[in-house]
Amino acid sequence: MTGLRLLPFGDRAVLAEVPSLHAVLDLHAQLTAAPPPGVVDIVPAARTVLVRVDPGALPLTAARAWITAAAEAPAAAPAPSSLVELPITYDGADLAETADLLGLTPAELTARHAAAEWTVAFTGFAPGFGYLVSEEWPFDVPRRATPRTRVPAGAVGLAGAFSGAYPRETPGGWQLIGTTPAPLFDPDAGTSALLAPGARVRFVPQVPDAVSGAAPVTGAAPADRAGTAGAPPPPGSTPSASRGRADSTPPVPRVPATPNLTPTPALTIREPGLLATVQDQGRPGHAAEGVAVSGALDRAALRTANRLVGNDEGAAGVEITLGGFRAVAHTDLWVAVTGAWGPIRCAGRELAPYEAHLWPAGAELQVDWFTRGARGYLAVRGGLDARAALGSRSTDILSGLGPAPLAAGSALALAAAAARPVPPDDLHPWSPPRDDLIEVELAPGPRADWFAPPALAALFEAAWTVTGQADRVGIRLDGPLLDRVRTDELPSEGMAPGALQVPPAGRPVILGADGPVTGGYPVIAVVTDAGRDALAQARPGTTLRFRHARTGPWPA
């Protein structure tokens, strides 16, 4: 493949840049055909494919060689891809205005839109939001000058050369031309995103019923999302026309429904503090579906808390932001609190952090406001149970996946995750995290060459301040402006936690575990994997200083 460029993306990823969206689709197909062990995510975007790896299983040098070989291999015959037929009612608020912008009547616009066969080029923005392209669609549709603060779920829109449908209610700036009743994202389905990269899509117009005004689904017999259009649904599935129809797709066994049983609560939240969420080690491997990795921001702290109470390291616990947390136990529990540092009391008795303690039934556990650090982790022997989504119990603040943030009255049960006895007293010399000045290592980002040499120097010489706009999605920094040498618009490309995006205003934003999986701001650098845990303890007002990581050369 001519025009391939391999760009650094931190210490756990490579960004492959190609000349066109068509080349993206070809490279993505080659890479997903037979990925080697150690590949975590393959994320296509407008002009790039982001490959995230586990360097312990697949070093970056080996990943780069694999990507190059895949790009140079003869193009294989395209594998049969599914055809998803989405029912649509062309009733969008912007239909008439958009048609006028394109010099068409509304009827002509909808006819052209429905006649085209679309392909899911990539996903992003929200779980299950597919960016659809078509060679039969020649139009370039401008986005709205003022984005809407609320776009309803199921809205179908146009922007640039793309069409897309919103899986959930969210802000958005696309021109809305219709609505679809098809569930576009279902974490409990065999394939969570109905519109996966590479799938073919047709929009099937619906004719309102003359009596009820409803828009019935027309066409061949309805099929379950995992079934085959025109054929009876597989045994045990639930036929549903509103799921859309998928042709040429072998049936995928559905995940059996969880019995509707209410587990016995082990504890109940009395006060969650500023923000308390259930977190584990996250849900990697789903970025191509638009799903962030999520999970604990300070992963090492949660792993330590779990070890202290004899849990598997991947067990779910509570991430407590800045403290102010209170809960009552309904049975005797073993617990440990790690990460941020502050007073911990159980039944009025002071407890030490980074130690396992017995929490008697009926007693209140209080994790007071932290004096050092930003995020503490409460592990309970047995691990905490919560509704899992895509194999993880983590709460994703941005997308709404996973359990809701904890509130007064929230009850949590145990998940039977204890792996070993509570260990003897840990003699490690634990100390509170430093949150006045945190040094963080940065590896090169793919767009470092978009910035002037003084900007790269300032990145490492300046003292940066964490602003009040800091949460699980990202951290906005205050400091000098980072001037670009390129000011053109960057097509959307894959993102990852730790990426330092630089918006036009010139001050960087560090993406968090719940951050978007694609973005359009250039990434100047990426926080190393180890540095992300330290960054999790940064509070508003914390000073950050960046250091070069020993992962590769920076632009001259």
Side-chain angles (χ1 to χ4, degrees), residues 20-22 24-26 46 78-123 128-144 151 154-167 172 174-184 193-210 214-223 225 227-231 241-249:
S20 66
L21 182 56
H22 182 76
V24 166
L25 297 175
D26 287 345
S81 59
S82 61
L83 174 64
V84 180
E85 293 188 347
L86 290 183
I88 183 173
T89 302
Y90 287 106
D91 58 358
D94 304 322
L95 177 60
E97 181 182 349
T98 305
D100 187 60
L101 285 171
L102 301 178
L104 304 172
T105 66
E108 290 171 336
L109 185 153
T110 58
R112 296 288 294 270
H113 187 261
E117 182 177 292
W118 301 82
T119 299
V120 183
F122 57 96
T123 59
F129 186 98
Y131 288 77
L132 312 182
V133 295
S134 174
E135 294 181 356
E136 303 163 36
W137 183 257
F139 305 109
D140 189 343
V141 180
R143 288 173 169 80
R144 291 178 57 83
V151 175
V156 177
L158 300 170
F162 299 106
S163 185
Y166 288 76
W174 289 34
Q175 306 284 1
L176 305 184
I177 63 169
T179 55
T180 178
L184 301 164
L194 181 60
L195 305 181
R200 297 175 297 129
V201 179
R202 280 195 182 276
F203 291 93
V204 181
Q206 306 300 289
V207 179
D209 182 79
V217 175
T218 60
R225 177 187 201 152
T228 304
S242 65
R243 280 185 168 274
R245 295 167 44 217
D247 289 337
S248 305
T249 304

Heavy-atom check, side chain of [X] versus side chain of [Y], under 4.5 Å:
| X | Y | result |
| --- | --- | --- |
| Ile177 | Phe203 | no |
| Leu86 | Leu194 | yes |
| Thr123 | Leu195 | no |
| Asp94 | Leu158 | no |
| Thr110 | Pro205 | no |
| Ile88 | Tyr90 | yes |

(message) Measuring from atom NE2 of His113 to atom CG of Leu104, what distance do you get when rounded to the nearest 0.5 angstrom?
(response)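 With rounding to 0.5 Å, NE2 (His113) is 12.5 Å from CG (Leu104).
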(request) Measure the CG-CD distance between Leu176 and Glu97 for me, rounded to the nearest 0.5 Å. (result)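 So the CG of Leu176 and the CD of Glu97 are separated by 10.5 Å.
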(message) Once you measure the plane-to-plane angle for Trp174 and Tyr166, does it fall in the parallel (<30°), tilted (30-60°) or perpendicular (>60°) bin?
(response)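 Because their plane-to-plane angle is over 60°, the rings of Trp174 and Tyr166 count as perpendicular.
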(request) For the residue pair Trp137 and Trp118, categorise the inter-ring angle as parallel (less than 30°), tilted (30 to 60°) or perpendicular (more than 60°). (result) tilted
(request) Return yes when atom CZ of Arg112 has more than 12 non-hydrogen atoms of other residues, nucleotides or ligands closer than 6.0 Å, and no otherwise. (result)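 No, the 6.0 Å shell around CZ holds no more than 12 heavy atoms from other groups.
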(request) Verify the neighbour count for atom CD of Glu136: are there more than 12 heavy atoms of other residues, nucleotides or ligands below 6.0 Å? (result) yes
(message) Assess the residue pair Phe162 and Phe129 against the criterion (ring pair (Phe, Tyr, Trp, His ring centres under 6.0 Å)); give the C-alpha distance rounded to whole Å, side-chain angles, the decisive distance to 0.1 Å, and a yes or no.
(response) CA-CA 12 Å; Phe162 299 106; Phe129 186 98; 9.5 Å; no
Show the nearest heavy-atom pair for residues [X] and [Y], with the distance to one decimal.
| X | Y | answer |
| --- | --- | --- |
| Gln175 | Pro142 | NE2-O, 3.0 Å |
| Pro106 | Ala99 | N-CB, 3.7 Å |
| Ala121 | Pro197 | O-CB, 4.2 Å |
| Val156 | Ala165 | CG2-CB, 4.1 Å |
| Asp140 | Gly160 | OD1-CA, 3.2 Å |

(message) Tell me if a side-chain donor or acceptor on Arg202 pairs with a main-chain N or O of Ala115 at a distance below 3.5 Å.
(response)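 Yes, Arg202 side chain to Ala115 backbone: donor-acceptor pair under 3.5 Å.
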(message) For Gly157, is there any backbone N or O sitting under 3.5 Å from a side-chain donor or acceptor partner on Ser163?
(response)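 Present.
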(message) Using the side-chain contact (heavy atoms from CB on, under 4.5 Å) definition, which of the options Leu102, Asp100, Leu101 pairs with Leu109?
(response)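 The single option meeting the side-chain contact (heavy atoms from CB on, under 4.5 Å) with Leu109 is Leu102.
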(message) Just to verify, what does Ala196 make a side-chain contact (heavy atoms from CB on, under 4.5 Å) with, not counting sequence neighbours?
(response)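 Counting only residues at least two positions away or on another chain, Ala196 forms no side-chain contact (heavy atoms from CB on, under 4.5 Å).
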